[in-house]
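Notes follow the structure.
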Amino acid sequence: MKIIFFEDRNFKGHSYEWTSDCSDMAPFLARCHSCRVESGCWMVYDRPNFMGNQYFVRRGEYADYMSMWGMSEWVKSCRLIPMHRGPYRTRIYGRENFMGQMMEIMDDCDSVTERYHWSSGFMSCHVLDGHWLLYEMPHYKGRMWYFQPGEYRNFREMVGTGSMRFMSMRRILDCWY
């Protein structure tokens with residue numbers, strides 16, 4: 001697993017490579033405007049300590065991701081997504097603290113409101129197996145967040161906004177290792 005970050009666009013300028021999580025790139029790079037993923041799947045963040053907006057990257061070249069994603073800040077931390085083999089399973093709940101209607105999901109869901117006839121998205125989840133990307137809008141649009149196995153009782157606390165709901169989700173598959 002390896003990702004290389006470059007200070008300038010188009011893979012120019014000083015570079016630094018990581019093979020595991022980095023909570024703060026500032027000691028290594030003055031700025032970061034492009035990256036090359038040699039192997040693995042990664043989440044990159046526009047704030048230190050895995051905070052702020054998140055972006056999913058897999059094997060490939062990202063010559064100017066600031067323009068591509070509309071970022072106002074450059075990448076400041078990154079997290080390796082561990083390889084997962086086996087089933088994918090998560091339980092989603094209509095309300096915070098695992099309250100309200102519950103559904104167990106084992107595959108991608110492009111719209112919770114359409115598939116399950118919920119009037120809105122979900123507000124808490126328990127990821128039992130696998131690694132998932134959750135989106136604030138149907139059809140995998142809007143901001144995304146990475147979820148690994150664990151309990152997520154209150155999305156609002158995680159993202160720092162009012163009543164946070166997710167409307168679609170997909171499994172993280174086919175990472176080239």
Salt-bridge present (Arg89, Glu104; N to O < 4.0 Å): yes
Tell me if the CE atom of Met102 is crowded by more than 12 foreign heavy atoms within 6.0 Å. yes
Could you tell me which residues satisfy side-chain contact (heavy atoms from CB on, under 4.5 Å) with Ala26, sequence neighbours excluded, listed by chain and number? Asp24
Is Asp107 salt-bridged to Arg115, going by a charged N under 4.0 Å from an acidic O? yes
Which atom pair, heavy atoms only, marks the closest approach of His126 to Tyr93? N-CE1, 4.3 Å
Shared hydrophobic cluster for Met51 and Val44 (ILVMFWY, side-chain gaps under 4.5 Å): no
Can you check side-chain contact (heavy atoms from CB on, under 4.5 Å) on Val37 and Trp42, steps first, answer last? CA-CA 8 Å; Val37 178; Trp42 300 78; 3.8 Å; yes
Looking only at heavy atoms, what is the nearest atom pair of Lys2 and Glu17, with distance? CD-OE2, 3.3 Å
Leu134 CG to Met169 CE distance, which is reported to the nearest 0.5 Å: 4.5 Å
Which word best sums up how the rings of Tyr88 and His84 line up, parallel for under 30°, tilted for 30 to 60°, or perpendicular for over 60°? perpendicular
Just by distance, do the side chain of Glu136 and the backbone of Arg143 share a donor-acceptor pair under 3.5 Å? yes
Close side-chain approach of Ser15 to Glu7, heavy-atom, < 4.5 Å: no
Run the side chain to side chain donor-acceptor pair (under 3.5 Å) check on Ser124 and Arg153 step by step: do they pass? CA-CA 5 Å; Ser124 59; Arg153 296 181 171 277; over 6 Å; no
Do Phe50 and Met43 share a hydrophobic cluster (ILVMFWY, side-chain heavy atoms under 4.5 Å, transitive)? yes
Any idea which heavy atoms bring Phe6 and Arg36 closest together, and the distance? CZ-NH1, 3.6 Å
Treating Ser168 as the side-chain partner and Met137 as the backbone partner, does any N or O pair qualify as donor plus acceptor under 3.5 Å? yes
Centre-to-centre under 6.0 Å for Tyr135 and Trp145, is that the case here? no
Run Tyr146 and Phe56 through ring-ring contact (aromatic ring centres under 6.0 Å, His included) and show every step you take. CA-CA 8 Å; Tyr146 164 62; Phe56 174 72; 8.6 Å; no
For side-chain contact (heavy atoms from CB on, under 4.5 Å), just list the numbers for Phe155 and Phe122, CA-CA rounded to whole Å, side-chain angles, deciding distance to a tenth of an Å, and then say yes or no. CA-CA 9 Å; Phe155 297 148; Phe122 54 102; 3.8 Å; yes
Examine distances only and state if a side-chain atom of Arg79 and a backbone atom of Tyr45 form a donor-acceptor pair shorter than 3.5 Å. no
Quick test of your reading of the model: are Asp110 and Arg170 salt-bridged, counting only N-O distances below 4.0 Å? no
Spell out, yes or no, whether Val57 and Trp18 are grouped together once hydrophobic residues are joined by side-chain heavy atoms under 4.5 Å, including indirect joins. yes
For Arg47, does its backbone N or O pair with a side-chain atom of Ser77 as donor and acceptor, under 3.5 Å? yes
Interatomic spacing from SG in Cys41 to CG in Leu80 - rounded to 0.5 Å: 8.5 Å
Compute the ring centroids of Tyr16 and Phe5, then answer whether they are less than 6.0 Å apart. no
Which pair of non-hydrogen atoms, one from Cys32 and one from Val75, has the smallest distance, and what is that distance? CB-O, 3.7 Å
Would Tyr116 and Val127 show up in the same hydrophobic cluster when neighbours are defined by side-chain heavy atoms closer than 4.5 Å? yes
Over all atoms of both residues, closest heavy-atom pair of Arg85 and Met83: NH2-SD, 3.4 Å
Will you find, in the side chains of Ser34 and Arg9, an N or O donor that is under 3.5 Å from an N or O acceptor? no
Would you say Phe98 ends up clustered with Leu128 if hydrophobic residues are merged whenever their side chains have heavy atoms under 4.5 Å apart, either directly or through other cluster members? no
With rounding to the nearest 0.5 Å, note down the distance linking CG in Leu173 to CG in Leu133. 10.0 Å
Distance check, rounded to the nearest 0.5 Å: Asp129 atom CG versus Met106 atom CE? 10.0 Å
Check step by step if side-chain contact (heavy atoms from CB on, under 4.5 Å) holds for Gln148 and Tyr152. CA-CA 10 Å; Gln148 59 191 4; Tyr152 302 91; 3.6 Å; yes
What distance separates His33 NE2 from Lys12 NZ, expressed to the nearest 0.5 Å? 14.5 Å
Minimum heavy-atom separation for Met1 and Gly40, please, with both atom names. CG-CA, 4.2 Å
How far apart are the C-alpha atoms of Lys76 and Asp46, what are their side-chain angles, what is the distance that settles it, and do they pass the side-chain contact (heavy atoms from CB on, under 4.5 Å) test? CA-CA 5 Å; Lys76 297 192 176 146; Asp46 64 1; 5.8 Å; no
Quick check: do Ile105 and Arg91 have side-chain heavy atoms less than 4.5 Å from each other? no
What residues, two or more places apart in sequence or in another chain, satisfy side-chain contact (heavy atoms from CB on, under 4.5 Å) together with Met167? Thr113, Pro138
For the atom pair SG (Cys125) and CZ (Phe166), what is the distance rounded to the nearest 0.5 Å? 8.0 Å
